Amino acid sequence: MRTRLLIAFGLTAVIVLAQAVGSVVTGSLALLTDTAHAVSDASGLLVALIAATMMLRPPSSARTWGFARIEVIAALGQAALLLVVGTYAAVEGIRRLFEPAQVPGTELLVFGVIGLIANVAAIAVLASNRGANFNMRAAFLEVLNDALGSVGVIVAAIVINTTGFQQADTIAALFIAALIVPRAFSLLRETVRVLMEFTPKGVDLDEVREHLLALEHVQDVHDLHASMIGTGLPVISAHVVVDDRCFESGHAPQILEQVLACVKEHFPVSFDHATIQLETTALRDQEAASVRHA
């Protein structure tokens, strides 16, 4: 995975250099916007590469989950950067609709083709691992959208060459901005869900509680929480109140096994990391009294 990210970063860096030169030579807003997009792609891939390396570090007593969540923080940074780029492109694009610049279509076409070829190569490198985690998904989507941006640049160049319609460059820039902003919001929403420790998608905690209460000898379930540490790391915790006699008869460990099997097998998300505390009714009442007097 790290090798693929490194190759994709190298290709994207080539795109940045080529398109930066092209935007200066042609004065194209579409190419300038696509260059800014490529810069965000390159920085995002670099962050993803660093994150992928740090995620391999083992957990320790100080970092019990290692660096599993760094991929989420990296994806959040990429989303914020894409929002900035997309907003700039939209504002500048609207201005240029009324004040179109003269853009040489032939030169614009050459740089657009160079960008598309490099992006297609990067897509091929990242495609097989695009669903591995937040970072790989963000990296793949960035390169894919940048390829679509290059297509927009090429179309604008062809229109300018054949019709002389200079606003085609600005329309292409707005098209690229339209690709960037919704994707950035989507990625931002998903990463914030993880950082805010919202319940994983597809999991209804009321349904989880009902399943647990349906187990024999389970009388109550409280302090039920579920969240995501990172990709593939859902966690759940709960206090499960069982019949006091289960502790006297030695039946409590069997109930714990049933609870762990339930949260692992019965729901769309499999909770391999579960922290379950079995309690007597007396302990529950004591905790409730402590909360009331706090």
Side-chain angles (χ1 to χ4, degrees), residues 4-46 48 78-79 81-90 92-93 96-97 100-128 130 136-163 165-184 186-187:
R4 291 178 182 272
L5 283 171
L6 183 59
I7 294 172
F9 171 71
L11 290 169
T12 308
V14 170
I15 297 171
V16 170
L17 292 175
Q19 291 185 336
V21 172
S23 62
V24 173
V25 171
T26 63
S28 165
L29 176 62
L31 200 54
L32 177 62
T33 304
D34 208 28
T35 301
H37 190 189
V39 169
S40 73
D41 290 350
S43 62
L45 286 168
L46 180 59
Q78 292 174 51
L81 182 59
L82 287 172
L83 280 175
V84 172
V85 171
T87 301
Y88 167 77
E92 183 64 12
R96 284 209 186 187
L97 278 175
Q102 294 300 310
V103 179
T106 302
E107 289 87 340
L108 182 61
L109 179 61
V110 170
F111 288 107
V113 169
I114 292 173
L116 180 60
I117 291 172
N119 275 308
V120 169
I123 288 171
V125 169
L126 294 174
S128 62
R130 63 182 181 276
M136 291 301 294
R137 180 186 172 195
F140 177 80
L141 289 176
E142 283 177 350
V143 176
L144 178 62
N145 277 267
D146 203 26
L148 293 175
S150 295
V151 171
V153 170
I154 292 171
V155 172
I158 294 173
V159 171
I160 291 172
N161 267 340
T162 56
T163 68
F165 182 63
Q166 291 292 331
Q167 281 91 341
D169 175 67
T170 302
I171 293 172
L174 292 173
F175 167 71
I176 296 170
L179 292 175
I180 294 174
V181 174
R183 178 168 58 91
S186 176
L187 187 59

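Predicted model only: the values in this text are computed from it and were never measured.
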With sequence neighbours left out, the residues meeting side chain to side chain contact (heavy atoms under 4.5 Å, CB included) with Val84 are none
In short, Ala118 meets Ile15 closest at the heavy-atom pair CB-CG1, 3.2 Å
Here the gap from Ile160 atom CD1 to Gln167 atom CD, rounded to the nearest 0.5 Å, amounts to 9.5 Å
Per side chain to side chain contact (heavy atoms under 4.5 Å, CB included), Phe111 is matched among Val21, Val153, Ile154 by Val21
query: Can you tell me if Gln166 uses its side chain to pair, donor with acceptor, with the backbone of Val103 under 3.5 Å?
result: yes
When Val110, Asn161, Thr26 are each screened for side chain to side chain contact (heavy atoms under 4.5 Å, CB included) with Pro104, the one that passes is Thr26
Could you list the donor-acceptor pairs under 3.5 angstrom formed between side-chain atoms of residues 168-182 and any protein atom two or more places apart in sequence or on another chain?
from, atom 1, to, atom 2, distance (Å)
Asp169, OD1, Ser28, OG, 2.3
Asp169, OD1, Ala30, N, 3.2
Asp169, OD2, Leu29, N, 2.8

Looking only at heavy atoms, the pair that brings Gln19 and Ser150 closest together is NE2-OG, 3.7 Å
Interatomic distance, CD1@Ile158 vs CG@Leu109, rounded to 0.5 Å, equals 6.0 Å
